[in-house]
Amino acid sequence: QVQLVESGGGLVQAGGSLRLSCEASRGTFSRVPMGWFRRAPGKDREFVAAINWNDGSAVYADSVKGRFTISRHNAENTVYLDMNSLKPEDTAVYYCGARAGGGISVRGYDYDFWGQGTQVTVSS
């Protein structure tokens with residue numbers, strides 16, 4: 001079992017930046033793909049970004065490409081999401097997920113473990 005704890009959410013003005021962190025409870029985190037998803041009020045969960053474990057390759061949703069950066073520090077069992085040029089439409093609860101196996105994925109149902117989420121609110 002892997003426990004994931006997100007942090008770093010908050011209230012920010014449009015155009016601002018935030019860094020989200022997701023810390024995993026187990027060392028095997030360093031060998032699994034990780035992803036960030038978000039759920040806005042009244043909407044379905046949406047893929048944001050994902051990163052592979054071995055080469056650090058990443059994929060992004062078109063809506064965040066060029067503004068968000070996912071990274072990981074395996075020695076610290078932590079994955080990050082740097083969010084720049086934030087927009088009101090980025091407002092959501094952000095969740096990190098970990099896969100038990102397999103490769104990088106943009107599908108939420110491929111992820112086996114989830115954090116509790118952290119709220120990001122962007123004011124206009």
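Computed from a prediction, not measured in an experiment: that's the story for all the values here. Heavy-atom basis, side chains included; hydrogens, waters and symmetry copies ignored. Along the sequence shown, the residues carry numbers beginning at 1.
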Quick one, [X] and [Y] - any side-chain contact, counting heavy atoms below 4.5 Å?
| X | Y | answer |
| --- | --- | --- |
| Phe47 | Val59 | yes |
| Arg38 | Ser63 | yes |
| Trp114 | Cys96 | no |
| Arg72 | Met34 | yes |
| Tyr80 | Arg19 | yes |
| Arg67 | Tyr60 | no |

Between [X] (side chain only) and [Y] (backbone N and O only), is there a donor and an acceptor less than 3.5 Å apart?
| X | Y | value |
| --- | --- | --- |
| Gln116 | Val5 | no |
| Thr91 | Val122 | yes |
| Tyr94 | Leu81 | no |
| Thr118 | Gly9 | yes |
| Thr121 | Leu11 | no |
| Glu23 | Leu4 | no |

Can you tell me how far apart [atom1] ([X]) and [atom2] ([Y]) are? Round to the nearest 0.5 Å.
| X | Y | atom1 | atom2 | value |
| --- | --- | --- | --- | --- |
| Glu6 | Cys22 | CD | SG | 5.0 Å |
| Lys43 | Glu89 | NZ | CD | 8.5 Å |
| Ser25 | Phe113 | OG | CZ | 9.0 Å |

Check the pair Lys87, Asp90 against salt bridge (charged side-chain N to carboxylate O under 4.0 Å, His left out), reporting the backbone distance first and the verdict last. CA-CA 5 Å; Lys87 305 175 181 179; Asp90 294 318; over 6 Å; no

Evaluate whether atom CG of Asn54 has more than 12 neighbouring non-hydrogen atoms of other residues, nucleotides or ligands under 6.0 angstrom away.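 Counting other residues, nucleotides and ligands, CG of Asn54 exceeds 12 neighbours.
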
Compute whether any side-chain donor of one residue and acceptor of the other, for Thr69 and Asp82, lie under 3.5 angstrom apart.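 Absent: no donor and acceptor within the cut-off.
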
Note: Asp112-Arg99 ion pair, threshold 4.0 Å (strictly below):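 The answer is no: the pair does not qualify as a salt bridge.
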
Please check if Trp53 and Trp36 belong to a single hydrophobic cluster, counting links between Ile, Leu, Val, Met, Phe, Trp and Tyr side chain heavy atoms closer than 4.5 Å.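 Trp53 does not cluster with Trp36.
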
Is it true that Phe37 and Tyr95 have ring centroids separated by less than 6.0 Å?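 Not under 6.0 Å, so no.
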
